[in-house]
K.L.:
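Submitted below is the structure of interest, expressed as C-alpha cells.
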Amino acid sequence: MGSLGFWVIFAISCQCFGGLSGKILDVQPDFVKTCMITRPKAEFVNCSTHAVQTLFNEIPKGNEDIELQILDPLKVPFVKILQGGGGPVTVNASLTQVTVIGFGNTQIILNSVDPDTYDFFTKLHLPRMRIDGNYELLGRILVIPLRGKGNCWFDAKDLDIDVKSDVKLENRDGFYFFKVTNVHVKFSIGGLKLHMGNLFDGIKALEDSTNAYLNANWRPVAESLNPILSKTIEDIMLEILQKVFDNIPASFFLGDINENETLRARKV
C-alpha cells in the first residue's frame, strides 16, 4: 500500500481511546470464554470462533474496567486523510465530529490462533457500517474533481473483513498477556451509498450530479478508496485489540497456555 503514496493520520489513538493504561483484570469476566489451544485444531477453532463472538457482543458497549469506550456508536473527534501519487484517488480531506455505527452487530465467521506464534486470524462480517460527520475536502475520486465543506455520510453494507493480528506473548506481574503489535486488514463491500453536502460551494446542480455519479459508480469508488478504508479499519481494530488484550490475562482466553508454552519450548 505504501507505493500508492498515501498515509492516514487517524486521531483515534490519542483522542478517542487514550493511552493503554487500563487496569489488569484478575477475575475472569463473563464475556471472556476459555478455549484449549492444545486440543485438535477443528475443536479449538470452533471454540475460539464462539468465544470471540461472545467478546464482540460485549465490547461495543464499552468497558470501564479496561477503560474501553463505547464502540457503537463510536465517536471520533477528528480524522485527517491525505492521499496522492497518480492513482484514482487524490485527496486532502478531514472529518470532524465523526460517528460510526455498526460494530455492535459484528458477526465472527471464524477465528483461529497460531499455536507457535499466537498470531490471530479472524474473518468477520458487518451487515452495515455508517459514518456521519462534517467534512472538508479538496481532491479527486475517479475522474471527478471534488471541493466542498459540509455534512456527509457514508453507508456501507455487507462488509466481509479478514483480520490478521501480529501478536507477541508477554509475561507481566506473573501473568501472560497477548501484545497485539500490528493488524492487517483485507475487506470487501457489498454496497455503498454516500452523500456530501455543500459540494462546489453549494452549487446545487453540481452537488446533486456528483453525488448521483458517485453512488451510481459505488463499486469503483469503493475499490479506489480501499487503501484508505483498510488503513482506517486497521487503526480502529488495533486500538480495540490492544485495549482488550493488554489488560486481560491470556490464560483467561487459553486455559492451557502454560502447557502450550512447554510444547513450544520443546520445538525450539
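Heavy atoms only: backbone and side chains are in, while hydrogens, waters and symmetry mates are out.
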K.L.:
With heavy-atom distances below 4.5 Å as the criterion, would you say the side chains of I70 and L74 are in contact?
P.N.:
no
K.L.:
Does the distance from a Lys or Arg side-chain N to an Asp or Glu carboxylate O, for K157 and D155, drop under 4.0 Å?
P.N.:
no
K.L.:
For the residue pair K243 and L68, what are the closest heavy atoms and their distance?
P.N.:
CB-CD1, 3.8 Å
K.L.:
Test: ring-ring contact (aromatic ring centres under 6.0 Å, His included). Region: residues 246-268. Which pairs qualify, not counting sequence neighbours?
P.N.:
F245-F253
K.L.:
With a 4.5 Å cut-off on side-chain heavy atoms, are K193 and W153 touching?
P.N.:
yes
K.L.:
Who pairs with E170 by side-chain hydrogen bond (donor to acceptor under 3.5 Å, both in side chains), at least two apart in sequence or on another chain?
P.N.:
R172
K.L.:
Output all residues satisfying salt bridge (charged side-chain N to carboxylate O under 4.0 Å, His left out) with E259, sequence neighbours left out; order by chain, then residue number.
P.N.:
none
K.L.:
Can you give each donor-acceptor pair under 3.5 Å made by side-chain atoms of residues 195-203, sequence neighbours left out, with the distance rounded to 0.1 Å?
P.N.:
unit_1	atom_1	unit_2	atom_2	d
N198	OD1	G202	N	3.2
N198	ND2	K149	O	2.7
D201	OD2	R147	NH2	3.0

K.L.:
Please determine whether residues F121 and I109 belong to a single hydrophobic cluster, defined as Ile, Leu, Val, Met, Phe, Trp and Tyr linked transitively by side-chain heavy-atom distances below 4.5 Å.
P.N.:
no
K.L.:
Can you list every pair that meets disulfide (SG to SG under 2.5 Å) and has a residue in residues 25-61, with sequence neighbours left out?
P.N.:
C35-C47
K.L.:
With sequence neighbours excluded, give me every ring-ring contact (aromatic ring centres under 6.0 Å, His included) pair touching residues 97-118.
P.N.:
Y118-F178
K.L.:
Whether the side chain of N260 engages the backbone of D256 through a donor-acceptor N/O pair (distance < 3.5 Å, no angle test) should be reported.
P.N.:
no
K.L.:
Please tell me if the side chains of T38 and F44 come closer than 4.5 Å, counting only heavy atoms from C-beta onward.
P.N.:
no
K.L.:
For the CG atom on D30, are there more than 12 heavy atoms of other groups (residues, nucleotides or ligands in this structure) within a distance under 6.0 Å?
P.N.:
no
K.L.:
Of the non-hydrogen atoms in R264 and P115, which two are nearest, and what is the gap between them?
P.N.:
CD-O, 3.5 Å
K.L.:
Answer whether the closest heavy-atom distance between the side chains of L124 and L126 falls below 4.5 Å.
P.N.:
yes
K.L.:
Keeping the roles fixed (side chain from Q97, backbone from N134), state whether a donor-acceptor pair exists under 3.5 Å.
P.N.:
no
K.L.:
My understanding is that only residues two or more places apart in sequence, or in another chain, count here; which of them pass salt bridge (charged side-chain N to carboxylate O under 4.0 Å, His left out) with D162?
P.N.:
K123
K.L.:
When rounded to the nearest 0.5 angstrom, what distance separates CD1 in I248 from CG in N63?
P.N.:
7.0 Å
K.L.:
Classify the side-chain pair T34/Q28 by whether it contains a donor and acceptor separated by less than 3.5 Å.
P.N.:
yes
K.L.:
Looking only at heavy atoms, which two atoms of A250 and I257 are closest? And how far apart?
P.N.:
CB-CD1, 3.7 Å
K.L.:
Between V45 and S112, which heavy-atom pair has the shortest distance, and what is it?
P.N.:
CG2-CB, 4.0 Å
K.L.:
Looking at Q53 and T106, would you say the former's side chain and the latter's main chain have a donor-acceptor pair under 3.5 Å?
P.N.:
yes
K.L.:
Which pairs count as salt bridge (Lys or Arg N to Asp or Glu O under 4.0 Å) when at least one residue sits in residues 102-112, sequence neighbours excluded?
P.N.:
none
K.L.:
Without swapping roles, check the side chain of T210 against the backbone of E207 for a donor-acceptor pair under 3.5 Å.
P.N.:
no
K.L.:
Determine whether I161 and M237 make a side-chain contact, defined as any pair of heavy atoms from C-beta on separated by less than 4.5 Å.
P.N.:
no
K.L.:
For S48 and N111: C-alpha separation, side-chain torsions, deciding distance, then whether side chain to side chain donor-acceptor pair (under 3.5 Å) applies.
P.N.:
CA-CA 6 Å; S48 180; N111 186 76; 2.6 Å; yes
K.L.:
Mind checking what makes side chain to side chain contact (heavy atoms under 4.5 Å, CB included) contact with H50, not counting sequence neighbours?
P.N.:
N46
K.L.:
Which residues satisfy the side chain to side chain contact (heavy atoms under 4.5 Å, CB included) test with D158, sequence neighbours excluded?
P.N.:
H125
K.L.:
Is any side-chain heavy atom of K41 closer than 4.5 Å to a side-chain heavy atom of E43?
P.N.:
no
K.L.:
Only counting residues at least two apart or in another chain, list the ones meeting side chain to side chain contact (heavy atoms under 4.5 Å, CB included) with T262.
P.N.:
R266
K.L.:
Considering only residues two or more places apart or on different chains, which pairs with a residue in residues 155-268 satisfy disulfide (SG to SG under 2.5 Å)?
P.N.:
none
K.L.:
Kindly say whether D119 contributes a backbone atom to a donor-acceptor pair with the side chain of D114 at under 3.5 angstrom?
P.N.:
no
K.L.:
What I want to check is whether the side chains of K75 and T99 have a donor and an acceptor closer together than 3.5 Å.
P.N.:
yes
K.L.:
Closest heavy-atom contact between L238 and T181?
P.N.:
CD1-C, 4.1 Å
K.L.:
Answer with yes or no whether the hydrophobic clustering places V100 together with L194; edges join I, L, V, M, F, W, Y residues whose side-chain heavy atoms lie under 4.5 Å apart.
P.N.:
yes
